[in-house]
Colleague: 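Below you'll find the structure I mean.
Since we're looking at a predicted model, the values are computed, not measured. Counting starts at 1 for both ligands and their atoms, in listed order.
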Amino acid sequence: MAGAQFSSRGRTSRVLAVLFCLWGLISSSCAARMSISRQKLEVQKHLKRLNKPALKSIESSDGDTIDCVDISQQPAFDHPFLKDHKIQMRPNYHPEGLFDENKATAKPIERSSPITQLWHQNGRCPEGTIPIRRTKKDDVLRASSAKRYGRKKHRSIPQPRSADPDLINQSGHQHAIAYVEGDKYYGAKATINVWEPKIQQANEFSLSQLWILGGSFGEDLNSIEAGWQVSPDLYGDNNTRLFTYWTSDAYQATGCYNLLCSGFIQVNSQIAMGASISPVSAYRNSQYDISILVWKDPKEGHWWMQFGNDYVLGYWPSFLFSYLAESASMIEWGGEVVNSQADGKHTSTQMGSGHFPEEGFGKSSYFRNVQVVDDSNNLKAPKGIGTFTEQSNCYDVQTGSNGDWGHYFYYGGPGRNPNCA
Ligand SMILES: *[C@@H]1O[C@H](CO)[C@@H](O)[C@H](O)[C@H]1NC(C)=O
Ligand SMILES: *[C@@H]1O[C@H](CO)[C@@H](O)[C@H](O)[C@H]1NC(C)=O
């Protein structure tokens, strides 16, 4: 289907196909024509829903088109519960005091952020708009169906100390993570260095992120996720991209990546979800990292996200969630890959830098200054960090702490190797 012609004549050709069939010339080619034109229509409708009218468009050198969409026209407002929602342009509260003008200890916003998004080379979006990565026909066609596009498959959440080890392994997702649980959490922060892991198969991915989790690991798990990922299926290339994800029912019917469904409300005009991050770290060479902070506004209850020191991206309204409308019960940080075992062996898809934690700085991937937001809305060091990995011979994790980096861990690995077949 990937090379099929796509045109606005979809509806006409469908009508013709129907008439053709009504004339009694029922044949398999007739049925096939109808199914192809139905799929075309579905893709077309989906693209129309996702791609909002742009006030300005910017072509990025990686092949992306970034549309600057009026902030009030963004996908979130397709949600029936958000029809009359008044956008909050900034949070009432920030765990680092950035928005509290009266607080003497307010931290100045640092301006020197070496990491940017690739499309910035070719322009910026005007105030009052938000940048949205345009979804192309091929993006949707790579998904199993238009409806599945932009959504995770069921059960990929790392589940430390699960009662059923078989269940852990059967999804084919592998993790190397650090986590805390057993308290009420109101957010989390980490500084993550950015790599471009090699992906063996187009239907696999490699990502590094934090998870804010609420509820049990059953059907109603709530999750807010943010980090970087390489996902050929989702984006059509091997670039490292900033992403977010949310679900309120364990990846079944609700939620999506980035702005690919209505939910997240973006207020920032500079950072596009799903856009390529540049530059990335290189082995024994320059290291680049990004900071991600997600926290719950104690006044409105929305979950806000900040990228780096400068960019408050927007928020997930609290009504999207059940458990997370109250607080999170678990925080996880780390890497995840899909091990599809396409050739019957463990995948060689890399996690992080593709090197094991033992190699340390400049070679391994890390999360540093790992923190949680407590019930008085302050960032603090997490207590009782645990680690989890399905197969430490494939991908591993090692924690530590020091003055500079606070709590940190190295994680990742090459996947397939003599000890991981
Ligand atoms: C997952 O499967 C691998 C290979 O079969 C096994 O070595 C590993 O112990 C399993 N992990 C868990 C947590 O059951
Ligand atoms: C992504 O990388 C794989 C190898 O790791 C390569 O086979 C594939 O062609 C690349 N895809 C693109 C779109 O560059």
Colleague: Is Arg142 positioned over the aromatic face of Tyr149, cation under 6.0 angstrom from the ring centre and no more than 45 degrees off axis?
Modeller: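 No; the conditions do not both hold, so Arg142 does not lie above the ring face of Tyr149.
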Colleague: Cation-pi between Lys152 and Tyr245: NZ/CZ under 6.0 Å from ring centre and within 45° of the ring axis?
Modeller: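 Satisfied, under 6.0 Å and within 45°.
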Colleague: With Val69, which residues qualify under side chain to side chain contact (heavy atoms under 4.5 Å, CB included), at least two apart?
Modeller: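 With neighbours one apart ignored, the set is Lys52, Asp67, Gln73, Ile132.
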Colleague: Kindly tell me which protein residues have any non-hydrogen atom under 4.0 angstrom away from an atom of ligand 2, grouped by chain and ordered by number?
Modeller: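 If the criterion is a heavy atom under 4.0 Å, then ligand 2 touches Ile199, Gly236, Asp237, Asn238.
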Colleague: Using distance alone, with no hydrogens and no angle criterion, decide if His346 and Gln341 have a side-chain donor and acceptor under 3.5 Å apart.
Modeller: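 No, no side-chain donor-acceptor contact under 3.5 Å.
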Colleague: Got a sec: does the CZ of Phe319 have more than 12 other heavy atoms crowding it under 6.0 Å?
Modeller: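 Yes, the 6.0 Å shell around CZ holds more than 12 heavy atoms from other groups.
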Colleague: Side chains of Glu225 and Gln209: donor-acceptor distance under 3.5 Å anywhere?
Modeller: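 Indeed, the side chains of Glu225 and Gln209 share at least one donor-acceptor pair under 3.5 Å.
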